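Here is the structure we will look at, set down as structure tokens.
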Amino acid sequence: MKTGLFTGSFDPFTIGHQSIVARVLPLFDKLVIGVGVNERKKYMYSAEVRVKVIAELYADTPKVEVRAFNDLAVDFAHREGAWFFVKGVRSVKDFEYEREQADINRAMGGIETLLVFAEPQHASVSSSLVRELIHFGKNAEMFLPKKAK
């Protein structure tokens, strides 16, 4: 079984994330969306809420599973039996960061990383942008998956 792992904080899960999932789903028998929990990071939504929202979005998609994790992504990947990370790339800055992570993950765990470029209409969409809009009381619905609201 080919298992891919799409990790991130997903705080919140955006239409950009949804686009990446839709585009890579045909490549895998199973795609695990790993909701990262880092004790040093402050989140707008709890891990439980983030997992619940994403799981509801993919409730009718049996190939997608959603789980929280609080250790290294490479260790989580091994537990899940995943040999591929899926990472979205919006910019050169994202590319450099993800390339470094890919090198480390390959060296530490033999896991390959698939970089998927954001569609042009989603290249400026980020969870931090959405959080900022929500913080200031603005309507951010256009950046959130329809079923995930």
Side-chain angles (χ1 to χ4, degrees), residues 3-25 27-28 30-80 82 84-105 108-109 111-149:
T3 302
L5 182 58
F6 185 31
T7 60
S9 59
F10 305 121
D11 186 34
F13 193 82
T14 70
I15 57 173
H17 298 127
Q18 184 181 35
S19 167
I20 299 293
V21 169
R23 291 164 55 211
V24 303
L25 206 49
L27 303 175
F28 300 105
K30 178 171 83 170
L31 181 68
V32 177
I33 299 175
V35 176
V37 179
N38 181 339
E39 295 167 4
R40 296 181 309 249
K41 217 171 167 184
K42 185 176 170 149
Y43 297 102
M44 179 174 273
Y45 301 104
S46 70
E48 293 77 19
V49 167
R50 290 180 280 148
V51 167
K52 181 178 183 263
V53 166
I54 300 167
E56 285 174 0
L57 181 63
Y58 293 103
D60 298 329
T61 311
K63 286 172 64 168
V64 174
E65 297 177 9
V66 185
R67 285 190 251 301
F69 70 101
N70 63 357
D71 55 347
L72 289 175
V74 72
D75 294 332
F76 181 55
H78 285 153
R79 283 196 310 279
E80 293 296 325
F84 302 94
F85 280 116
V86 172
K87 300 304 281 187
V89 175
R90 295 168 297 160
S91 66
V92 172
K93 181 179 168 187
D94 284 352
F95 176 82
E96 284 300 323
Y97 176 79
E98 296 301 347
R99 185 191 55 78
E100 291 171 1
Q101 293 297 307
D103 290 346
I104 297 299
N105 288 330
M108 290 185 63
I111 299 177
E112 287 297 332
T113 300
L114 303 176
L115 299 179
V116 180
F117 293 97
E119 293 177 286
Q121 68 269 29
H122 299 135
S124 296
V125 177
S126 69
S127 293
S128 10
L129 168 103
V130 173
R131 281 194 310 272
E132 188 83 357
L133 291 172
I134 292 169
H135 174 78
F136 285 104
K138 299 298 181 187
N139 184 341
E141 288 186 19
M142 70 179 75
F143 304 114
L144 299 173
K146 299 293 180 239
K147 199 173 169 185
K149 288 183 209 162

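Owing to the predicted nature of the structure, the values given are computational and were not obtained by experimental measurement.
Between the OH atom in Tyr58 and the CG atom in Leu25 there is a gap of 8.0 Å [rounded to 0.5 Å]. Here CD1 of Ile134 is found 9.5 Å from CD of Glu141. Values are rounded to the nearest 0.5 Å. Separation of atoms CD1 (Ile15) and NZ (Lys146) is listed at 7.0 Å; rounding is to 0.5 Å. Atoms CG and CE, on Leu72 and Met108 in that order, are 5.5 Å from each other to the nearest 0.5 Å. Put simply, OG1 on Thr113 and CZ on Phe84 are 10.5 Å apart, with the number rounded to the nearest 0.5 Å. Interatomic distance, CD1 of Ile20 versus CD1 of Ile33, reported as 11.5 Å (0.5 Å rounding).
Within the 4.5 Å cutoff, the side chain of Phe13 has no heavy atoms near those of the Val35 side chain. A heavy-atom distance below 4.5 Å is not found between the side chains of Val66 and Val32. No side-chain heavy atom of Asn70 sits under 4.5 Å from any side-chain heavy atom of Asn38. The shortest distance between side-chain heavy atoms of Asp71 and Phe76 falls below 4.5 Å. Proximity of His78 to Ile111: side-chain heavy atoms (C-beta onward) are separated by under 4.5 Å at one or more points. Considering only heavy atoms from C-beta on, His122 stays 4.5 Å or farther from Gln18 through its side chain. At a threshold of 4.5 Å between non-hydrogen side-chain atoms, the residues Leu133 and Phe143 count as touching.
Checked against salt bridge (Lys or Arg N to Asp or Glu O under 4.0 Å), Lys87 has no partners two or more places apart in sequence or in another chain.
The minimum heavy-atom distance between Val89 and Ser91, with the atom names listed, is CG1-O, 3.4 Å. In terms of heavy atoms, Leu5 sits closest to Leu31 at N-CD1, 4.1 Å. For the residue pair Tyr43 and Ser9, the shortest heavy atom distance occurs at CE2-CB, 3.7 Å. Considering all non-hydrogen atoms of both residues, Ser124 and Leu129 come closest at O-CD2, 4.1 Å. Taking both residues in full, the closest heavy atoms of His17 and Pro12 are given as CE1-O, 3.7 Å, listed atom of the first, atom of the second, then distance. Nearest approach of Ser126 to Arg90, heavy atoms of both residues: CB-NH1, 2.7 Å.
For the side-chain contact (heavy atoms from CB on, under 4.5 Å) criterion with Asp103, the lone passing option out of Glu100, Gln101, Arg99 is Arg99. Only one option out of Phe6, Phe28, Phe85 pairs with Leu114 in a side-chain contact (heavy atoms from CB on, under 4.5 Å); it is Phe28.
Applying the side chain to side chain donor-acceptor pair (under 3.5 Å) rule to pairs touching residues 128-140 yields nothing, sequence neighbours excluded. Among pairs with a residue in residues 44-53, those fulfilling side chain to side chain donor-acceptor pair (under 3.5 Å) read Ser46-Glu48, Lys52-Glu56, at least two apart in sequence or across chains.
A donor-acceptor contact shorter than 3.5 Å is absent between the side chain of Thr61 and the backbone of Lys63.
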